[in-house]
Amino acid sequence: MVELAGFGQSPLFSDGNDVQLKYNAYNDVIFAKDNHMQVAFDYNILGSLISREQGEKKVKFTYDTNEQLTAVINEKGEVYQ
């Protein structure tokens with residue numbers, strides 16, 4: 001079932017996929033899971049995405065003081081600016 005903040009639940013998708021979402025207090029998705037995979041998300045206090053983790057792969061995001069994205073760091077530690 002899909003849990004939508006303030007909207008109750010919707011049924012399974014027509015292909016039988018069961019999607020589950022978890023939210024934080026700010027209605028940001030912090031966890032998503034379906035029949036095939038699961039993904040976790042972390043946010044900073046201003047609501048910007050700071051990491052995404054799927055399996056053993058974690059990608060990090062860094063921001064400047066204006067909350068502009070400055071770099072993406074992959075699971076190998078490689079930095080993309």
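Here, residue 1 is the first one in the sequence, and each next residue gets the next number.
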Query raised in the report: Taking atom CG of Asp42 and atom NZ of Lys58, what is their separation to the nearest 0.5 Å?
Result: 5.5 Å

Query raised in the report: Looking only at side chains, do Glu78 and Asn74 share a donor and an acceptor under 3.5 Å apart?
Result: yes

Requested in this report: Answer whether the closest heavy-atom distance between the side chains of Val29 and Phe41 falls below 4.5 Å.
Outcome: yes

**Report entry** Heavy atoms of other groups near Leu46 CG, more than 12 under 6.0 Å
**Finding:** yes

Query - Asp28 side, atom CG; Lys22 side, atom NZ - distance, nearest 0.5 Å - result: 16.0 Å

Query raised in the report: So Phe61 and Arg52, side-chain contact (heavy atoms from CB on, under 4.5 Å) or not? Walk me through it.
Result: CA-CA 9 Å; Phe61 306 89; Arg52 176 192 186 278; 4.3 Å; yes

Query raised in the report: Mind checking whether Tyr26 and Tyr23 sit in one hydrophobic cluster, side chains of I, L, V, M, F, W, Y counted as touching below 4.5 Å?
Result: no

Report task. Report yes if the side chains of Glu75 and Glu56 come closer than 4.5 Å at any heavy-atom pair, otherwise no. Result -> no

Report task. Give a yes or no answer on whether the side chain of Ser51 reaches the backbone of Lys60 with a donor-acceptor pair at less than 3.5 Å. Result -> no

Requested in this report: Go through the steps to decide whether Val39 and Glu53 satisfy the test side-chain contact (heavy atoms from CB on, under 4.5 Å), and finish with yes or no.
Outcome: CA-CA 6 Å; Val39 182; Glu53 186 171 4; over 6 Å; no

Query raised in the report: Under a 4.5 Å side-chain heavy-atom rule over Ile, Leu, Val, Met, Phe, Trp and Tyr, are Ile73 and Ile50 clustered together?
Result: no

Requested in this report: Using the side-chain contact (heavy atoms from CB on, under 4.5 Å) rule, take Asn24 and Tyr43 through it: C-alpha gap first, then chi angles, then the decisive distance, then the call.
Outcome: CA-CA 9 Å; Asn24 64 14; Tyr43 302 87; 4.0 Å; yes

Report task. Run the numbers on Tyr63 and Leu49 for side-chain contact (heavy atoms from CB on, under 4.5 Å), then give the verdict. Result -> CA-CA 9 Å; Tyr63 300 86; Leu49 181 66; 4.0 Å; yes

